[in-house]
Structures are given as C-alpha cells and as structure tokens.
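Structure in structure tokens, see below.
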Amino acid sequence: MIDPIRDQQVREMEMVERCVNILTMSRNELYIHMRYLDISLSCLGFEADWNRNGAATDGFMIYYEPDYLIKLFAQGRKEVNRAYLHMVMHCLFGHMDGRKGRDAGLWHLACDMAVESIIDGLLKTCIRRPPSMFRREWYQRLLHQGVKVMNAERVYSKLVEMKLNERQLERLKAEFFVDGHDLWEEDKTNSQIIRRQNQWKDNRERMQTELESFGTEDESGDSRDLLEQVQAENRERVDYRGFLRKFAVLKEEVSIDPDAFDPVFYTFGLEMYGNMPLIEPLETREVHRIEDFVIVIDTSMSCSGELVLRFLEETCSVLSSSESFFHQVNIHILQCDEKVQSDVKITNREEMEDYMKNFTIAGHGGTDFRPAFAWVRQMQERKEFSHLKGLIYFTDGKGIYPLKKPNYDTAFVFVEEHFSDLSVPGWAMKIVLSEEDLRVDK
C-alpha cells in the first residue's frame, strides 16, 4: 500500500539533498575562481525553507525554497553562483547592520545595486553575464555623479538626492533583486549580532590581505576594483566631531559649576540667615575645550572647492558650539597651495561666523605641505600660541610632506574617493571622511 505522506517526505528529502549538492558545487566553483573568498564562502550553512519564495541569508545560513533553487539551477550554474556570491557580498560589506535610520526600501535597493555592480565587474567565467543596457546606464549615471566606488552608502545618498518616483524605484528593484532581505533585521540577541559583525569583519580583513598579496596578480585585473571596495569598507569609521575633541585642553573657565557645591547647605543658609548662603558656588570650573588650534586648507588645483567649503563649514560648526569653544580662542585658518596664501586669526565665535560668511578660496597652485608647517613654527617662535594642541590639514594628499614631526599633534583629513594617502608620514594621523560626514545639514 502506498503511503502518500511518506512518499512526499522522501521526495522532499531528495530535493533537499539535490539542493545541498547544487549549493556545494556553487561554493566550490566560486572558490576555484576566487580563492580570496575561501573563508567567506564556507561561513554560510544551508537550510531549506519551504515557506520562502526564493533565497535569503541572515549572515549565518542561506535559507532557500528547494523548488526555486532547482529552477534557478536549470537556468544555468552561473545564476546560482551569482545568487550565492550576492548573499556573501551582503555579509562581507555589513549591509545587514548598516541601515542606521535610513529608509528601509532605499537602503535595500542601494545594497543590491552595490553588490550587483561588484559582481558585474568581475570578469570570471563562473559568474560572467553581460549586464543589461539598463544596468550599464545606471552605473554610468552614478559614476558621472561622483560615485567612483559603488558602496551601499554612496548609492543610497545618490538615490535620496534623485528623488525617484514610485515607478522608477520599482523598475530598479526588479532589475537588481536577487535575494530576500527580511532576515537582516530579524530579532536577534546582542551576542548574535556582535558575533555576526565580528565574524564578517574578520573575513573582510582577511580578504583584503589576500587581495593585496595575491588577488591583483590575476590577468583580468578585475579584483583591483573589488580591493578598492574592501579597503573602503575596512577603513575605521570616524566620528569627526568626536575626533576634534582630541585637540581640546583642560582649562578653568568663569562659570558656575553646579557639581562643585552642595545646594542643601546653600539653601539652609539662606533660610537661617536671610541673605547669607553657607556655601557660595564656585565661579570657575575646569573644562576640556579647544583654545589654540590651526586649520590648514589645501587650495591647490587638485582640491575640490565644494569639498573645501563643506569641510570648513563642518569644522567651524563643531568649533563654534558651546561645548567646544572657549569665550576667547586663538584659531588660525591658513589657506595654502605651494605657499601660504592667507592666514586669518579667529578669537571668538562671532569672528568665526563672519569668516564663514565671507569665505573665498585663495590659491589654486601646486601642493606643498611644508610651507604651512614652517609658517606655524614661526608663529610659535613669536609666542603667538600659549598651548598649541594640534593642526588639521584638509587635503587630497597629493603633495610634498615635511620629514620632521612637529611638536604638536597633526591630522591630515581626506574625503573618500578624492585622495591619495600613500606618502603620509608615520607621525601624522589620517582621517578619511565620507561625503555624508561633510553634509552640514545632516
């Protein structure tokens, strides 16, 4: 007698076994062509999900609907390989934990576009599929708008700026859709999230090492673009406002310090003796704020005037806040290309605001960082600083650096996609900001 339930179970087991073989074969084929992905490809387990319409990953497992996977394989091994690699790339580039308040629909679209652009740029026979005209047009459109490295954050910013209508967004989503993202923000414990983040961060750093050592030797040269993506993602994210606090000094400031006296005794004295509080509040308090400081702006022809202005606006916005600014300060803003073109001294918040209102760029020559440091050294010799804590130099990095470390902290600040930091001396700090960090209206 035929048992239909047992028959169904047998068929399902056979389908699952076949799907595991398909995914294992895909993983092996990807590994043969991209050895730098060895650990990453093996990090995801496989689990059948009969209620799913397609495939998805949560960073630990690939969940697939068996019938979908078998049909995808029937279209060709490349389709399975691309889907597998697509999900691995989402994990490698931290897309599951990167939304941070962004619109969910646009973020998921930006992640898919970023990953597919990487895969379309890899000239491997196991995944190569000529991109459609629609895709090529969008890649060119983003490139012309300044997105040189197609990561999800930059693509998202451009999609927001474009203000696409619903029809355009649906067309883009249909073009770049590969996997479901519903598991990305599924309820997980903090320990699971941290474990996922650490695992894929380690995988990404290992992948960068492999690419830097061996990956770019391949004849196609396509892994160079992938290396740029990985390097950009592996750069430490910097809170620029927090970073500026490193240049603060401890100093007494005239101000009532509410933590320095006991209000109980204070009010008791007023009640007992009328106008005679027992403890007067202190009129000064110790605070960490910026006092002596130098900002140098590279105004050479290779630096974008728009980025210079946005950097200065963001920096001055931070410095002008009450939490950062003493009532009287000594901040010099230098503009320098191959020589110092201007030096403006700022002593209070009002002068800072006036400087920003009337700011114009001076220069546009070559780039030499040494004159600015020589200029500051001369100011120190003239005792124009009482306690110079640091100097920030905004530049694209393409110039001549001083050999000797100055007697104050120095940071060279760059903007992603607009810099070269190969020659930065070891004694200097390097800060790489995204264009999002320089949006003063954020």
Side-chain angles (χ1 to χ4, degrees), residues 240 243-244 247 290-321 324-402 404 406-415 418-420 423-425 428-431 433 437-438 440:
Y240 185 54
F243 170 74
L244 282 176
F247 298 97
I290 292 169
E291 183 179 26
D292 286 347
F293 195 59
V294 178
I295 301 168
V296 187
I297 302 166
D298 179 358
T299 57
S300 64
M301 292 184 68
S302 58
C303 266
S304 161
E306 180 187 354
L307 289 177
V308 165
L309 185 58
R310 281 160 56 183
F311 161 77
L312 193 56
E313 287 174 343
E314 175 66 4
T315 304
C316 292
S317 169
V318 176
L319 295 180
S320 297
S321 67
S324 304
F325 225 66
F326 283 117
H327 292 301
Q328 288 294 315
V329 295
N330 181 25
I331 295 177
H332 284 258
I333 302 178
L334 278 59
Q335 294 192 49
C336 182
D337 45 24
E338 57 207 352
K339 64 180 181 180
V340 175
Q341 298 287 352
S342 73
D343 177 3
V344 176
K345 181 178 179 179
I346 304 294
T347 62
N348 55 51
R349 188 180 296 113
E350 290 73 25
E351 289 180 2
M352 178 74 82
E353 292 171 355
D354 184 61
Y355 178 79
M356 287 305 307
K357 287 178 184 176
N358 302 291
F359 175 75
T360 55
I361 293 178
H364 298 305
T367 307
D368 191 338
F369 304 119
R370 295 171 299 179
F373 288 91
W375 187 278
V376 173
R377 185 173 63 252
Q378 291 169 7
M379 286 195 288
Q380 287 181 304
E381 291 170 355
R382 295 195 298 267
K383 309 294 184 185
E384 294 189 29
F385 296 108
S386 59
H387 188 179
L388 179 58
K389 183 67 174 176
L391 176 150
I392 282 186
Y393 209 128
F394 180 76
T395 177
D396 61 0
K398 301 168 185 173
I400 306 171
Y401 291 87
K404 188 177 178 182
N407 59 357
Y408 47 82
D409 291 334
T410 301
F412 288 92
V413 178
F414 311 100
V415 177
H418 301 276
F419 77 100
S420 170
S423 303
V424 177
M429 291 179 278
K430 294 189 294 185
I431 303 299
L433 303 177
D437 295 324
L438 297 182
V440 294

Qualifying residue for side chain to side chain contact (heavy atoms under 4.5 Å, CB included) with Phe311, from Val415, Thr395, Ile295:
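The passing option is Ile295.
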
Measuring from Trp375:CH2 to Leu334:CG, what's the distance to the nearest 0.5 Å?
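These two atoms lie 7.0 Å from each other.
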
Counting distance only, does the side-chain N/O of Asp409 pair as donor-acceptor with the main-chain N or O of Gly390 below 3.5 Å?
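Checking the backbone N and O of Gly390 against the side chain of Asp409, no donor-acceptor pair under 3.5 Å is found.
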
Considering all heavy atoms, the nearest Val294-Val296 contact
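Val294 and Val296 have their closest heavy atoms at CG1-CG2, 3.8 Å.
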
Please work out which of the three classes, parallel, tilted or perpendicular, describes the rings of Tyr393 and Phe412, given edges at 30° and 60°.
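Rings of Phe412 and Tyr393: parallel, under 30°.
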
State the CG-CZ distance between Leu312 and Phe394, to the nearest 0.5 angstrom.
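Interatomic distance, Leu312 CG to Phe394 CZ, rounded to 0.5 Å: 9.5 Å.
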
Beyond-backbone contact of Leu388 with Val376, side-chain heavy atoms, under 4.5 angstrom
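A side-chain contact exists here, since the closest heavy-atom pair is under 4.5 Å.
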
Test salt bridge (charged side-chain N to carboxylate O under 4.0 Å, His left out) applied to Glu384 - qualifying residues, sequence neighbours left out:
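So Glu384 forms a salt bridge (charged side-chain N to carboxylate O under 4.0 Å, His left out) with Arg382.
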
Any sub-3.5 Å donor-acceptor pair from Thr299's side-chain atoms to Ala362's backbone N or O?
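Yes: the side chain of Thr299 pairs with the backbone of Ala362.
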
Between Asn407 and Gln380, is the side chain to side chain contact (heavy atoms under 4.5 Å, CB included) condition met? List the steps.
CA-CA 10 Å; Asn407 59 357; Gln380 287 181 304; 3.1 Å; yes

Trace of the side chain to side chain contact (heavy atoms under 4.5 Å, CB included) decision for Lys389 with Asp292
CA-CA 6 Å; Lys389 183 67 174 176; Asp292 286 347; 6.0 Å; no

For the CG atom of Asp337 and the CD1 atom of Ile361, what is their distance to the nearest 0.5 Å?
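Spacing of CG (Asp337) from CD1 (Ile361) equals 11.0 Å.
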
Spatial distance of atom CD (Glu338) from atom CG (Asp298) [nearest 0.5 Å]:
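It is 11.0 Å, given to the nearest 0.5 Å.
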
Look up atom CE in Met352 and atom OG1 in Thr347, then write down how far apart they are to the nearest 0.5 Å.
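The CE atom of Met352 sits 10.0 Å away from the OG1 atom of Thr347.
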
Please report the shortest heavy-atom distance between Lys398 and Thr367, naming the atom on each side.
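Minimum heavy-atom contact is O-CB, 3.1 Å.
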
Does one side chain, of Asp343 or His332, offer a donor that lies under 3.5 Å from an acceptor on the other?
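Distance-only check passes for Asp343 and His332.
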
Determine, step by step, whether Phe359 and Ile297 satisfy the side chain to side chain contact (heavy atoms under 4.5 Å, CB included) criterion, reporting the C-alpha distance in whole Å, the side-chain angles of both residues, the deciding distance to 0.1 Å, and the verdict.
CA-CA 12 Å; Phe359 175 75; Ile297 302 166; 4.3 Å; yes

Closest approach of Phe385 to Phe293 (non-hydrogen atoms, all atoms of both residues)
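Heavy atoms of Phe385 and Phe293 come nearest at CE2-O, 4.3 Å.
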
In chain order, what residues pass the side-chain contact (heavy atoms from CB on, under 4.5 Å) check against Pro425, with sequence neighbours excluded?
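With sequence neighbours excluded, Pro425 shows a side-chain contact (heavy atoms from CB on, under 4.5 Å) to Tyr401, Trp427, Ala428, given in chain and number order.
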
Write down the atom of Pro371, the atom of Val340, and the distance for their closest heavy-atom approach.
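Residues Pro371 and Val340, closest heavy atoms: O-CG2, 3.8 Å.
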
Quick one: salt bridge (charged side-chain N to carboxylate O under 4.0 Å, His left out) pairs with a partner in residues 369-378, sequence neighbours left out?
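Output for this query lists Asp368-Arg370.
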
Test side chain to side chain contact (heavy atoms under 4.5 Å, CB included) on Leu391 and Phe373; report intermediate values, then the result.
CA-CA 9 Å; Leu391 176 150; Phe373 288 91; 4.1 Å; yes

